[in-house]
Amino acid sequence: MSSLFFSTLREDPVEAEVPSHILLLRGGYIRRCAPGIYSFLPLGWRVHAKIEAIVREEMDLIAQEIHLPALLPREPYELSNRWTEYGDEIFRLKDRKGNDMLLGPTHEEIFTLLVKDVCSSYRQFPLSLYQIQWKYRDEARPRAGVLRGREFLMKDSYSFDLDDEGLAASYAAHRAAYMRIFDRLGLDYVAVHAHSGAMGGSASEEFLCPSEVGEDRFVTCPKCGYASNLEAAEVPGSTTGAPMVEVPPAQVVDTPGAGTIDSVVACLETHHPRGDRPWRAGDTLKNLALMVRSPSGDETPLIVGIPGDRELDQRRLEAHLYPATFRPMSDEDFSAHPELVKGYIGPRAAGIRYLLDAMVQPGSSWVTGANQPDRHVVGLVVGRDFEPDGSVLAADVREGDPCPRCRGELRMQRGIELGHIFALGRKFAAALGLAVLDQEGKPVTVTMGSYGIGISRIVAVLAEKNHDDAGLVWPRRVAPADLHVLVAGRSDGATSEAAQRLAAECSARGLTVLLDDRPGLSAGERFGDADLLGMPTIVVCGRGVARGLVETKDRATGERSEIALDEAAGRLESLVSQRR
RNA sequence: CGGGGAGUAGCGCAGCUUGGUUAGCGCGCCUGCUUUGGGAGCAGGAGGCCGCGGGUUCAAAUCCCGCCUCCCCGACCA
C-alpha cells in the first residue's frame, strides 16, 4: 500500500450524500472528474474488473463477445429516428469535416447494421452478440457518483431471431443468465414488469435491487409475487358480471364556485349530504383536459378521467400514449375549446375523446362535472350513463392498492435498476433493413431483443448494500483483494518483517494481498483504513508476533481469531478458497 | 426545466451582517526528534487568482450588478 495509488479521506466529501458514494470516495476507489464522470483508481478498477469477469463468464455461455466503437456516426441513429427522439440526452459532436457524430448512448443500431453486413442467410441464426462498452448519456441530473453517471460501463447484448419463438427463447436465455449473474454477485433483485416505452416491442422486464437510494419505484405483491414498476403496474380487471350499482338516476346539482375536488366535496357535504357517510374525494371523478401531440406535431384535445382522490401519473399516461406526448390544457387551449367548462368538465364533453382510468370500474357511480358552469352530476354510472372511448392506466398507484392478479395488498419500494431486458421485435431491423433469406429464398425481417446490465453502477450498488458505519464490507467475489495485512504496535522490525513475509507467502499461494506498509502511521489509522477499505479478511501482525501468532478479523462479522504465523498462509488460503 | 443550498489551501470549514494591518482554524502534506493494538506528542515548514467579469470606494473575501460552476430535492431518464 505504500506504493498503491490511492488516498483515503478522513471526512465525508461535500459532493457526496449516499453511503456508497461517500465510501467509494473516502476509500480512494473513485474520484470525480466532472459531474457524472468518474475516474476509477486501482481499488475501484479491481472491483470493476471482478464484476465484469462474472458478467463475461455468464454471457459467454449464451452469446459471443464483440466490441463496437463508442464514437459513432449520425446516420444509423437518423435511420432509427433516435437522433431526434433521444433529444438532449445524446452527447453530440462534430468531426473536423463538420460531420455529426455522437457518443453511443446504447447500440441497437450499430449491432443491427453489423449483423446486416455479416449475415444474409437463415442458416446464421439464431445469433446473440454482446459487448462491454462505455455508454454516454447527458443525463439532466447525474447523481450519487457512479450510481448514475453520464459515462458508464454497460454490458449490452442483442439477440437476432427469425421468428417469435426464437425471440422468446433468446429472451428467456438472457433472463436466466441475468439471474445467475446477480446471484453470483450476491445481489438481491426483483424482476419487475416494465413498459417497453421508447424501445418499442412487447415484453420488457427490469431487474431492480431494492434500495432506499434507488430512483425507480415499484410495487410487489407479497401474496402472489406480482412485481411491476409503477409505469407498467396494472389494475385489477372489473369483476365479471358486476351488477350495476343500485343508484337512482343521475342528478345534476348546483355547486357554485366548486371548481376543485376539495370544494366539490365540501359543497356536496353542505347542500347534498349522503345519508350513510360523508362525501369523499374518492367519490368524485376528476376529468383532466390535455392536449396530445403526435410525432408529426398535430395536437388534439383529450380528456382523461381518474378517481378524484388520485393524482395523474405522468409516466403511466405517457407510456400509454407513446409515441405521442401530452401537456395540460393551457388557458389558450380552453379559449379554443369554449365547449369545455373549466372546473366542471364531465365525461364525453362536446365529443372530445374521453379515456377512463382502469381503476374506474364499469357499474360504479360517481360525482363529476356536468359540463355546465357551477354544476356537477351526482350518481353518474359508468356503462349506464356514459361509455368512455377507451381505458388507460393514468392514475397513480399507491401502497396498499389491490394486486391485479390476486387482489392482495401491493407493497411499494424503491430500487436501483441493475439490468433491463427487452423483446424488441422488428422495429430496428425494419428501420435499418435487416432481412435475410429463409429456406424458400424469401427475405424475412429479423426479430430482435436487447439486454443491458450496468456494470459500473453495480460497483456502487455493491458498496451500497455492503457497508457498515466503519466502511465498506466487500463480498469475497468482488473484493479488490482477498486479504488486508497490517502491522500494529511497535514496529521493531520483526513484526513488519513477519507481515511482509506473510504477504509474500499468501501471494505465492495465489491470494491477492493488500499490505499496509505505509510508513509512520499510527495503529489507529491502519485499523481505520482497513475497515474503510473493506477487504473481507484483515490480518493483524502485532504484539502476537513475538509469540508466533497473528490475528485475523472477519470484516463482515467482526469475528477475530489468533493463528500461528507459520501456518497462517495455508490457513488463510483455505479460508479464502472455501468462502469464495 | 422548477425549488433549495454552496463556491475561501489537497479535504472539511470560519471570516462577509457592520469594508480597514500580513485572510484564519481543523485535518492532511514536508523536515527533525519522541511515540506505536483503534485516527499520537513536541518543534519547525510549505501551501491561497477568497469561482469569473465589471462597478462603488482612499481601501473589497466582505457592498452592488452580471455571469459561470457545483451539490441536494423534484421533473425527466434503456
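Below, chains carry the letters A, B, ... as their sequence lines are ordered, and counting in each starts from 1.
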| Where does the angle between the aromatic ring planes of A:Tyr38 and A:His21 fall among parallel (under 30°), tilted (30 to 60°) and perpendicular (over 60°)? | perpendicular

Rounded to whole Å, CG of A:Asp469 lies from P of B:G38 at a distance of 19 Å

(message) Under 4.0 Å, heavy atoms only, any strand: does A:Arg150 hit a base, just the sugar-phosphate, or nothing?
(response) nothing

| Base of B:G37 paired with side chain of A:Glu551 (donor-acceptor, under 3.5 Å) | yes

For B:G24 versus B:U62, give the span between their C1' atoms, rounded off to a whole number of Å.
-> 15 Å

Whole-Å distance, A:Leu25 CG to B:G10 P, equals 17 Å

Query raised in the report: With a 4.0 Å cut-off on heavy atoms, is A:Glu139 in touch with a base, just the backbone sugar-phosphate, or nothing at all?
Result: base

_Under 3.5 Å, is there a donor on one side chain and an acceptor on the other for A:His420 and A:Tyr178?_
no

Q.
Heavy atoms only, 4.0 Å cut-off, all strands: where does A:Gly544 land among base, sugar-phosphate and nothing?
A. base

Rounded to whole Å, the CZ-P distance (A:Arg457 to B:C77) equals 14 Å

task = Rounded to whole angstrom, note down the C1' distance from B:A40 over to B:G26.
result = 16 Å

When rounded to whole Å, the CG to C1' distance for the pair A:Leu230 and B:C76 reads 15 Å

| said: By the 4.0 Å heavy-atom rule, please label A:Arg143 as base, sugar-phosphate, or nothing. | reply: sugar-phosphate

Among B:C71, B:G39, B:C77, the one nearest any side-chain atom of A:Glu89 is B:C77

A:Pro35 has its side chain closest, among B:G39, B:G38, B:C70, to B:C70

For the P atoms, the ones on B:G2 and on B:U8, what distance do you get once it is rounded to whole angstrom? 26 Å

Between A:Leu502 and A:Ala568 the two heavy atoms that sit nearest each other are CD1-CB, 3.6 Å

Applying the Watson-Crick and G-U criteria (both distances under 3.5 angstrom) with [ ] for crossing and | for other-strand pairs, one obtains for RNA chain B (((((((..((((......[...)))).((((((.....)))))).....(((((..]....))))))))))))....

Atom CD of A:Glu215 and atom P of B:A75 are separated, to the nearest Å, by 10 Å

Problem set entry | Criterion side chain to side chain donor-acceptor pair (under 3.5 Å) on A:Asp138 and A:Tyr136, from CA distance to verdict | CA-CA 7 Å; A:Asp138 194 359; A:Tyr136 298 85; over 6 Å; no

Measuring only the P atom in each nucleotide, how far is B:U57 from B:G19? A whole number of Å is fine. 15 Å

Determine the Euclidean distance between corresponding C1' atoms of B:A23 and B:A60; express it in Å to zero decimal places. 13 Å

Side-chain donor/acceptor of A:Asp516 to backbone N/O of A:Arg518, under 3.5 Å: yes

Phosphate OP1/OP2 of B:U36: any A:Arg543 side-chain N/O under 4.0 Å: no

CD (A:Glu212) and CZ (A:Arg414) are apart, to the nearest 0.5 Å, by 9.5 Å

Quick note, A:Arg32 side chain, CB onward, closest among B:C70, B:G38, B:A40 is B:C70

Separation of B:C71 atom P from A:Leu147 atom CG, nearest Å, is 14 Å

Rounded to whole Å, the CG-P distance (A:Asp516 to B:G37) equals 15 Å

Base of B:G28, side chain of A:Arg26 - is there a donor-acceptor contact under 3.5 Å? no

Span that lies between the C1' atom of B:C52 and that of B:A6, in whole angstrom: 16 Å

- [ ] Please measure how far the C1' atom in B:G41 lies from the corresponding atom in B:U22, and state the result in whole Å.
- [x] 30 Å

Exercise: do A:Glu108 and A:Ser450 side chains pair donor with acceptor under 3.5 Å
yes

Exercise. Report which part of the nucleic acid A:Phe152 touches: base, sugar-phosphate, or nothing (heavy-atom distance under 4.0 Å, all strands).
Key: base

Practice task
Give the ring-plane orientation class for A:Phe40 versus A:His48, where under 30° counts as parallel, over 60° as perpendicular and anything between as tilted.
Solution key: perpendicular

Notebook entry, point to check: Is any side-chain N or O of A:Arg141 closer than 4.0 Å to OP1 or OP2 of B:A75?
Noted result: no

| request: Please work out if A:Asp531 contacts a base, only the sugar-phosphate, or nothing of the nucleic acid, heavy-atom cut-off 4.0 Å. | output: base

Worksheet item: Where do A:Glu551 and A:Arg560 land on the salt bridge (charged side-chain N to carboxylate O under 4.0 Å, His left out) test, with the steps shown first?
Response: CA-CA 7 Å; A:Glu551 185 178 295; A:Arg560 293 158 192 260; 2.9 Å; yes

Review point. What integer number of Å spans the P atoms of B:C16 and B:C63?
Key: 9 Å

Per atom distances to the A:Ala140 side chain, the nearest of B:C70, B:C76, B:C72 is B:C76

Which of B:G39, B:C76, B:G37 is nearest the side chain of A:Arg148? It is B:C76

